[in-house]
Amino acid sequence: MLWRVRTTLVDRPGILAEIALACGRAEVNILGLQVFPTSPRVTDELVVSAPEGWTDVMVAELFEGVGGSDVSATRVSDASVADATTRYLRGVHEVLDEGRDVTDVLHELLETEPPDVADYAGHDVLVLSRRNGSELRISRAVPFTDVERARAQALMSLVGDA
């Protein structure tokens with residue numbers, strides 16, 4: 001089963017090595033990594049494959065055990081392993097050339113559809129501005145990073161009024 005793990009860490013040399021070692025010992029395979037810098041800490045997002053029977057709590061505890069804080073673990077699809085830049089560029093193509101609705105594309109890119117935690121009361125809300133002055137609001141249980149906010153707004157700006 002694939003999981004997206006987001007964790008905040010102290011920004012210091014060797015922390016990723018500790019995570020990789022803990023994952024290896026637990027037979028959790030790291031398939032993808034994005035780093036979202038925030039000073040003086042860093043938020044890392046990893047896509048991992050965990051052994052059958054693992055739960056979100058077990059995955060989160062693995063990362064908490066190596067110093068992670070604000071850890072979230074959510075189930076994701078195979079699409080989560082694809083390169084983020086390529087996914088966003090493909091999203092622009094889908095809106096402009098295939099006529100897909102930008103809202104649907106952003107929901108896929110930001111993975112705000114199930115299996116997001118549907119009963120979580122503290123959803124983060126991403127507010128995107130449209131050219132015509134209206135806003136698009138997208139929410140999900142796992143907080144959006146500044147990088148995700150910027151990518152989504154850039155996609156919205158690129159597709160304009162399409």
**Distance, nearest 0.5 Å, that separates CD1 of Ile138 from NE2 of His107** = 5.0 Å

**Item:** Val102 to Val159 - nearest heavy-atom pair and separation
**Value:** CG2-CG2, 3.8 Å

**Fill in**
Separation between SG (Cys23) and CG (Leu62), nearest 0.5 Å, reads 5.0 Å

**Message:** Are Val76 and Val48 linked, directly or through intermediate hydrophobic residues, by side-chain heavy-atom contacts shorter than 4.5 Å (ILVMFWY only)?
**Reply:** no

**Asked** Has the side chain of Arg6 got a donor or acceptor atom that lies under 3.5 Å from a matching backbone atom of Pro143?
**Response** yes

**Request:** Evaluate the criterion side chain to side chain contact (heavy atoms under 4.5 Å, CB included) for residue pair Ser129 and Gln153; output intermediate values, then yes/no.
**Result:** CA-CA 7 Å; Ser129 301; Gln153 186 60 63; 4.2 Å; yes

**Request:** Inspect the surroundings of CD in Glu135 and state if more than 12 heavy atoms from other residues, nucleotides or ligands are less than 6.0 Å away.
**Result:** yes

**Message:** To check you understand the geometry: which heavy-atom pair defines the closest contact between Ala152 and Leu126, and what is its length?
**Reply:** CB-CD2, 3.9 Å

**Message:** Tell me the closest heavy-atom pair linking Ser49 and Leu31, and the distance in Å.
**Reply:** CB-CD1, 3.9 Å

**Prompt:** Salt-bridged, Arg90 to Glu108, with N to O below 4.0 Å?
**Reply:** no

**Request:** Check Ala22 against Val66 and note the closest heavy-atom contact, atom names and distance.
**Result:** CB-CG1, 3.4 Å

**Message:** With side chain to side chain contact (heavy atoms under 4.5 Å, CB included) as the criterion, how do Val92 and Val105 come out once you've worked through the C-alpha distance, each side chain's angles and the decisive distance to 0.1 Å?
**Reply:** CA-CA 8 Å; Val92 169; Val105 170; over 6 Å; no

**Nearest-0.5 Å distance that lies between atom CD in Glu45 and atom CD in Gln34** = 5.5 Å

**Message:** Quick check: do Pro51 and Val28 have side-chain heavy atoms less than 4.5 Å from each other?
**Reply:** yes

**CG-CD distance between Asp56 and Glu61, expressed to the nearest 0.5 angstrom** = 9.5 Å

**Request:** For Ser139 and Val125, work out which heavy atoms get closest and say how close.
**Result:** CB-CG2, 4.1 Å

**Item:** Ile15 reachable from Val59 in the ILVMFWY side-chain graph, under 4.5 Å edges
**Value:** yes

**Prompt:** Would you call Arg87-Glu94 a salt bridge at under 4.0 Å N-O?
**Reply:** no

**Message:** Tell me whether the count of non-hydrogen atoms from other residues, nucleotides or ligands lying under 6.0 Å of CG in Asp146 goes above 12.
**Reply:** no

**Message:** Applying salt bridge (charged side-chain N to carboxylate O under 4.0 Å, His left out), can you list everything that pairs with Glu18, at least two apart in sequence or on another chain?
**Reply:** Arg12

**Request:** Indicate the atoms forming the closest heavy-atom contact of Arg149 with Leu128, along with that distance.
**Result:** O-CD2, 4.3 Å

**Asked** What distance separates Phe36 CZ from Thr43 OG1, expressed to the nearest 0.5 Å?
**Response** 8.0 Å

**Test side chain to side chain contact (heavy atoms under 4.5 Å, CB included) applied to Leu110 and Glu148, step by step** = CA-CA 8 Å; Leu110 296 167; Glu148 287 175 312; 4.2 Å; yes

**Prompt:** Roughly how far apart are Leu33 CG and Leu46 CG, rounded to 0.5 Å?
**Reply:** 5.0 Å

**Request:** Establish whether Trp54 and Ile19 are linked, either directly or via other cluster members, by ILVMFWY side-chain heavy-atom contacts under 4.5 Å.
**Result:** yes

**Asked** Are Thr7 and Asp70 close enough that some pair of their side-chain heavy atoms sits under 4.5 Å apart?
**Response** no

**Request:** Establish whether Val5 and Met1 are linked, either directly or via other cluster members, by ILVMFWY side-chain heavy-atom contacts under 4.5 Å.
**Result:** yes

**Request:** Output yes when a side-chain donor or acceptor of Arg140 lies under 3.5 Å from a complementary backbone atom of Asp124, and no otherwise.
**Result:** no

**Request:** Please test Trp3 against Val47 for side chain to side chain contact (heavy atoms under 4.5 Å, CB included), starting from the C-alpha separation and ending with a verdict.
**Result:** CA-CA 6 Å; Trp3 299 90; Val47 176; over 6 Å; no

**Asked** So, Ser134 side chain and Arg130 main chain: donor-acceptor pair closer than 3.5 Å or not?
**Response** no

**Message:** Side-chain heavy atoms nearer than 4.5 Å, only ILVMFWY residues, links allowed to pass through others: does that put Val35 and Tyr88 together?
**Reply:** no

